Chemist: 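First the structure, which I've put down as structure tokens, then a few questions once you've had a look.
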Amino acid sequence: MDLKSIHEIFTNRILRIPSYQRGYSWANNKSVDLTSNDPLKNVKGQLKDLWDDLLNIPEGKWHYTGLLTLVEVKKKDYQWLPNFKQYAIVDGQQRITSILILLSVIIDKANKQNITLGIREGDVEIQYLYIKRNGVYAYIFGYDRDNPSDKFFRKHILNLNEVEDDSEESTYTENLLKAKAFFEAMVELYLADNENSLEGLFNKVTSQLKLNEYVLPEELDEYVVFETMNNRGKPLSQLEKLKNRLLYLNDKFEVGLQATPDQIALNEARKKQLGESINKAWITIYKSLGQNKHRPLDDEDFIKNHWIVYFDRYSRDEANVYANFLFDEYFNLQSVYDKELSIEDIENYIKSLQKCSIWWNKLHNPQYFKIENQLVKDAVTGIHQVGLKASFKPILLAILTRPDRNDFIETIQSLEKYSFKLFDLSNKRGNTGDSKIYGLAHQVYANNQKPDETNEEILEYTSWYYRFNLFVNQSYEMFELGKKQGFYKWSGRHYLLFLYDQYLRTQNFTTTQSSEIMWQEFKKNDSIEHVFPQSATLSLEEYAANKDKSIEDARAPYERIQNNWSSFKEYDSMQRRNLANSLGNLLAISQSDNSSLSNDPFNFKVDQSKKGPGYRNRGYAYDSMSARVVANEKEWTPEHILNRGLDILKFLCDYIGESFDEIDELTKYKVLGLEFMYDHKIEDAPKIEEELNQEIS
């Protein structure tokens, strides 16, 4: 090993990040705010650490920056640079990429300020960035040519004006941009001190940062070294290891000692073709997993779910079973030597992996569905609304990959109800029935299962695990145990109230967008309104404690709230809490209204303009269809909560296929947390009957 400065590492060399490497992942926890008095407050991460190391190097000293492992590449990109050697970076690419980004920022800044960093103008570009001869560029540092990050690096990091192509951004390219933005901010802060200079910073980076360079001897296999070394620190994901493993095994396919020259040549051609296919497949995979830069998809979640649909080997008996199978049983060197694993096997696998990555992205991001798949998109959106459970992902992936996916719409809808019935109504564990669904997923993927057969099996599984009485018992507990928050903290509250609002829209024949709830905003903002407010449920002592006031100081505002809801006064604090958190008192509205309505009396909640001209077009009367229906009421009483709750309960029963009429009245009251109102009803029945008889007589 040799300890070398950045200047020495880049002397007469072309450095490439090989195709089996992971993308650029160094980052900080937050961006730098140059407008703040403390721009670096709470900024942490690998980029910040590198910058701190650089600044803290004493004058005349150097800083050990880490290990750089290289392997010489015999087939060079630029034969017209005979004095340059080309190397692939086996280990240390994150660090060296970050340093190159910093150097590009420094060089760009120097050029704009007409500062020459080398002996002659253009020296540093030739040393670290690119060489240009007769209009042809040689790039000193970059990625393998078929990696989208390579073109992105040249255009957005090196600022080279190249011909545009159709390559798309990803999580990794986003990380490159964020790193550049960080170093731009750091250089600006650094130069704010008049004692600092670009020349001094450039010299620190190129001369005082040193890496321990190790060039692999030819007899060592770079794939094995890469996999071994990258299990230190942040380990490779299974997807990254898998790519490396497949490329490694591809090198080991041989035709035998008795093969003819033609057979040997053909085998080499097939190996070359397979290597190119692996690289192309991984470009698609990384693009798919990182297309949504705000929520990139997890590598291992994808590879595991693909394994379930492709191999049908799921078992709960062994931890990390999918990785053990892929690396220890299936894609291993002995299988190649024993002729149990062929080039065709790997070709079929990567084609499947590539195709599935595209649909995996759409499954998690329905906005990427094309217009011709609108029916499937709507069905998958319903799954997202009830909650995309882990146990559903393999079968949904299998369905989406089939050309007859539209014939599975009913199956997807059955999965939606399966989820609601089991996990929200029956309160089952999240992995209930997953083994059966995983097995079914493989059959669907292998085209051994027809759409109607698949739907029948989902319905059968639902009947095994779902019982309505489990929901009844759960509803009792929601009002009696824990914080006793009833339906307000029930897992299915958003889904049911959203469905009920959609139902009301169809009943009222409206397509008005102003009254339509947007699911993502509704769920994200948790905009469920208590018509009868929670503050009115408290005792005077609880109210005073919540407001941090004495009993006397709290008495007047407390009485004002109670008077606004005088019809609830006959009930004690616990009963009022049940009323507030009962299904009929919960209202799906927009977040914009939710915060302003607060503890207003009912007539103000219906129409906020009654509070003053600054509140026009706000309130229930201008909100969701559910809110507009409630706004038609002249007042809001316990009886209104009961009756609306019964309406929603009937809608729920119709939706899940239960008979509302066969549920006895007391059970309905108990499910809603309003058993005490049933007791009052029974107690008042003789009086009501006597009054009726007197009227008749």
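Predicted model only: the values in this text are computed from it and were never measured. All residue numbers refer to positions in the sequence shown, counting from 1.
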Chemist: Which class fits the ring pair Phe498 and Trp519: parallel under 30°, tilted 30 to 60°, perpendicular over 60°?
Modeler: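 Perpendicular, since the angle between the ring planes exceeds 60°.
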Chemist: Could you check whether atom OH of Tyr330 has more than 12 heavy atoms from other residues, nucleotides or ligands sitting under 6.0 Å from it?
Modeler: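 Enclosed.
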Chemist: What class does the angle between the rings of Phe311 and Phe325 fall in, given that below 30° is parallel, 30 to 60° is tilted and above 60° is perpendicular?
Modeler: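 Perpendicular, since the angle between the ring planes exceeds 60°.
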Chemist: Checking Asp407 now: which residues fulfil side-chain hydrogen bond (donor to acceptor under 3.5 Å, both in side chains) with it, not counting sequence neighbours?
Modeler: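 Asp407 satisfies side-chain hydrogen bond (donor to acceptor under 3.5 Å, both in side chains) with no other residue.
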Chemist: With a sphere of 6.0 Å drawn around NZ of Lys547, does it hold more than 12 non-hydrogen atoms of other residues, nucleotides or ligands?
Modeler: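 Not more than 12 within 6.0 Å, no.
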Chemist: For Lys44, is the NZ atom crowded, meaning more than 12 foreign heavy atoms sit under 6.0 Å from it?
Modeler: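 Atom NZ in Lys44 is not packed in, count stays at 12 or less.
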Chemist: Would you indicate whether Lys304, at its atom NZ, is surrounded by more than 12 heavy atoms from other residues, nucleotides or ligands within a distance under 6.0 Å?
Modeler: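 No - once you tally the heavy atoms of other residues, nucleotides and ligands closer than 6.0 Å, there are 12 at most.
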Chemist: Within 45 degrees of the axis of the six-membered ring of Phe302 and under 6.0 Å from its centre: does Lys393 put its NZ or CZ there?
Modeler: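 Output no; distance or angle outside limits.
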Chemist: Which residues satisfy the salt bridge (Lys or Arg N to Asp or Glu O under 4.0 Å) test with Arg560, sequence neighbours excluded?
Modeler: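 Listed in chain order: nothing, the list is empty.
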Chemist: Measure the acute angle between the ring planes of Phe651 and Tyr503, then classify it against the limits of 30° and 60° as parallel, tilted or perpendicular.
Modeler: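 The rings of Phe651 and Tyr503 sit tilted, inter-plane angle from 30° to 60°.
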Chemist: CD1 of Ile528 to CZ of Phe522: how many Å apart, nearest 0.5 Å?
Modeler: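 Reported value, rounded in 0.5 Å steps: 4.5 Å.
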Chemist: With a 3.5 Å cut-off and sequence neighbours excluded, list the donor-acceptor pairs that the side chains of residues 369-377 form with protein atoms.
Modeler:
unit_1 : atom_1 : unit_2 : atom_2 : d
Gln374 : NE2    : Asp378 : OD1    : 2.9

Chemist: Quick one: pull up CG in Asn473 and CZ in Arg467 and give me the separation to the nearest 0.5 Å.
Modeler: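 One finds 13.0 Å between CG of Asn473 and CZ of Arg467.
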Chemist: Under 6.0 Å from the CG atom of Asp548, do we count more than 12 heavy atoms belonging to anything else shown?
Modeler: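 Open.
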Chemist: Looking only at heavy atoms, what is the nearest atom pair of Tyr465 and Gly433, with distance?
Modeler: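 Smallest heavy-atom distance, with atoms named: OH-CA, 3.7 Å.
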Chemist: Check for me whether the distance between the ring centres of Tyr418 and Phe392 falls short of 6.0 Å.
Modeler: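 Yes.
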Chemist: With sequence neighbours left out, which residue pairs that include part of residues 432-455 fulfil the ring pair (Phe, Tyr, Trp, His ring centres under 6.0 Å) condition?
Modeler: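 Of all non-adjacent pairs touching residues 432-455, those that pass ring pair (Phe, Tyr, Trp, His ring centres under 6.0 Å) are Tyr314-Tyr438.
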Chemist: Pairs of donor and acceptor atoms involving the side chains of residues 422-431, under 3.5 Å and at least two apart or interchain, shall be tabulated with distances.
Modeler:
unit_1 : atom_1 : unit_2 : atom_2 : d
Asp424 : OD1    : Ser491 : OG     : 2.7
Ser426 : OG     : Lys421 : O      : 2.8

Chemist: Decide if atom CD of Gln520 counts as having more than 12 heavy atoms of other residues, nucleotides or ligands within a radius under 6.0 Å.
Modeler: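 Not buried by this count: 12 neighbours or fewer within 6.0 Å.
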Chemist: Got a second to check how far Leu400's CG is from Ile395's CD1, nearest 0.5 Å?
Modeler: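 Going from the CG atom of Leu400 to the CD1 atom of Ile395 covers 11.0 Å.
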Chemist: Among side-chain atoms of Asn455 and Gln413, is any donor-acceptor pair under 3.5 angstrom?
Modeler: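 On atom types as modelled, these side chains do not qualify, holding no pair under 3.5 Å.
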Chemist: Could you work out, with side-chain contact (heavy atoms from CB on, under 4.5 Å) as the rule, every residue matching Asp664, not counting sequence neighbours?
Modeler: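 Per chain and number, Asp664 pairs via side-chain contact (heavy atoms from CB on, under 4.5 Å) with Leu666, Thr667.
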Chemist: Tell me every residue that passes salt bridge (Lys or Arg N to Asp or Glu O under 4.0 Å) with Asp661, counting only those two or more places apart in sequence or in another chain.
Modeler: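 Salt bridge (Lys or Arg N to Asp or Glu O under 4.0 Å) list for Asp661, sorted by chain: empty.
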Chemist: Here's one to test your reading of the geometry: is the NZ or CZ of Lys670 within 45 degrees of the ring axis of Tyr678 and under 6.0 Å from its centre?
Modeler: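 No - Lys670 does not lie over the ring of Tyr678 by the 6.0 Å and 45° rule.
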Chemist: Give me each pair satisfying salt bridge (charged side-chain N to carboxylate O under 4.0 Å, His left out) with a member in residues 639-660, each pair once, sequence neighbours excluded.
Modeler: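 Non-adjacent pairs meeting salt bridge (charged side-chain N to carboxylate O under 4.0 Å, His left out): Lys650-Asp654.
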Chemist: Once you measure the plane-to-plane angle for Tyr495 and Phe420, does it fall in the parallel (<30°), tilted (30-60°) or perpendicular (>60°) bin?
Modeler: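 It falls in the tilted class, 30° to 60°.
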Chemist: Tell me every residue that passes side-chain hydrogen bond (donor to acceptor under 3.5 Å, both in side chains) with Lys362, counting only those two or more places apart in sequence or in another chain.
Modeler: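 With sequence neighbours excluded, Lys362 shows a side-chain hydrogen bond (donor to acceptor under 3.5 Å, both in side chains) to no residue whatsoever.
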Chemist: Look up atom CG in Leu674 and atom OG in Ser582, then write down how far apart they are to the nearest 0.5 Å.
Modeler: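 Between Leu674 CG and Ser582 OG, I get 4.0 Å after rounding to 0.5 Å.
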Chemist: Taking the six-membered ring for Trp, are Phe676 and Tyr669 closer than 6.0 Å centroid to centroid?
Modeler: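 No, they do not, as the ring centres are separated by 6.0 Å or more.
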Chemist: Going by an N to O cut-off under 4.0 Å, is there a salt bridge joining Glu457 and Lys436?
Modeler: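 Between Lys436 and Glu457 there is no salt bridge, as every charged N stays at least 4.0 Å from the carboxylate O atoms.
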Chemist: Of all residues at least two apart in sequence or in a different chain, which pass the side-chain hydrogen bond (donor to acceptor under 3.5 Å, both in side chains) check with Asn585?
Modeler: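 Only Trp636 meet the side-chain hydrogen bond (donor to acceptor under 3.5 Å, both in side chains) criterion with Asn585.
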Chemist: Rounded to the nearest 0.5 Å, how far apart are CG of Leu397 and CH2 of Trp360?
Modeler: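 Answer rounded to 0.5 Å: 6.5 Å.
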Chemist: Determine the minimum heavy-atom distance between Asn564 and Pro601, stating which atoms define it.
Modeler: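 It is CG-CB, 3.8 Å.
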Chemist: Going by the rule side-chain hydrogen bond (donor to acceptor under 3.5 Å, both in side chains), which residues pair with Gln534 if we only count those two or more places apart in sequence or in a different chain?
Modeler: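 Here no residue qualifies.
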Chemist: I would like to know whether Phe471 and Leu652 meet side-chain contact (heavy atoms from CB on, under 4.5 Å); could you show each step before the answer?
Modeler: CA-CA 11 Å; Phe471 168 65; Leu652 170 64; 3.9 Å; yes
Chemist: Applying side-chain contact (heavy atoms from CB on, under 4.5 Å) to Phe532 and Phe602, what does each step give before you reach the verdict?
Modeler: CA-CA 8 Å; Phe532 171 55; Phe602 182 68; over 6 Å; no
Chemist: Which residues satisfy the salt bridge (Lys or Arg N to Asp or Glu O under 4.0 Å) test with Lys450, sequence neighbours excluded?
Modeler: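 Salt bridge (Lys or Arg N to Asp or Glu O under 4.0 Å) list for Lys450, sorted by chain: empty.
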